[in-house]
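All residue numbers in this chain count up from 1 along the given sequence. Quick caveat, the model's predicted, so the values are computed rather than measured.
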Amino acid sequence: MESSGSHCVIYTIDGSFESVQSLKVFERRYRDMFVRCHENYLVNPEYVSRISRYRIELTYGKVIPISEKNYTAVKTKLSHIT
């Protein structure tokens with residue numbers, strides 16, 4: 001999921017969808033399903049293929065940032081991914 005102004009874009013296997021809900025709402029509601037890696041992004045760990053310094057590569061090739069202040073926490077949460 002990606003923040004886009006006052007709403008967010010949800011990327012799925014079937015395409016992308018816009019929601020009027022904020023990332024914060026999704027983060028609270030689905031805290032066991034998603035990891036906040038940046039103030040503008042939530043990721044589903046099942047679709048993370050690789051973590052490198054300050055970035056996450058998703059299984060379909062998209063690369064998203066990891067904020068510097070959250071890097072250690074995100075890496076720990078996603079430690080099962082090499």
Check the angle between the aromatic planes of F34 and Y30 and answer parallel, tilted or perpendicular using the 30° and 60° thresholds.
-> perpendicular
Is the Lys NZ or Arg CZ of R36 less than 6.0 Å from the centre of Y41's six-membered ring, within 45° of the axis?
-> no
Can Y54 be reached from I64 by stepping across I, L, V, M, F, W or Y side chains whose heavy atoms are under 4.5 Å apart?
-> yes
Locate the shortest heavy-atom distance separating I51 from Y71; write the atom from each residue and the value.
-> CG2-CE1, 4.5 Å
Evaluate the side-chain proximity of H38 to P65: yes if any heavy-atom separation is below 4.5 Å, no if none is.
-> yes
Under 3.5 Å, is there a donor-acceptor pair between the side chain of S4 and the main chain of V9?
-> no
Distance col, row L58:CG vs N44:CG, nearest 0.5 angstrom, shows 9.5 Å
Heavy-atom distance under 4.5 Å between the side chains of V63 and I56, does that happen here?
-> no
Identify the heavy atoms of I10 and S19 that sit nearest to each other, and give their distance.
-> CD1-CB, 4.0 Å
Any side-chain heavy atom of E57 sitting closer than 4.5 Å to one from S49?
-> yes
Can any side-chain N or O of R28 pair as donor or acceptor with the backbone N or O of R31 at less than 3.5 Å?
-> no
The reported gap from NZ in K75 to OG in S52 (rounded to nearest 0.5 angstrom) is 8.5 Å
Separation between NZ (K24) and CZ (R29), nearest 0.5 Å, reads 14.5 Å
Taking side chain as C-beta onward, heavy atoms only, is V35 less than 4.5 Å from L42?
-> no
Candidate list L23, V43, T12, N40, test side-chain contact (heavy atoms from CB on, under 4.5 Å), partner M1, passing option | L23
Would you please name every residue forming a side-chain contact (heavy atoms from CB on, under 4.5 Å) with S6, sequence neighbours left out?
-> none
Side-chain heavy-atom pair F17, Y11 within 4.5 angstrom cut-off = no
Taking atom NZ of K62 and atom CD of E2, what is their separation to the nearest 0.5 Å?
-> 5.0 Å
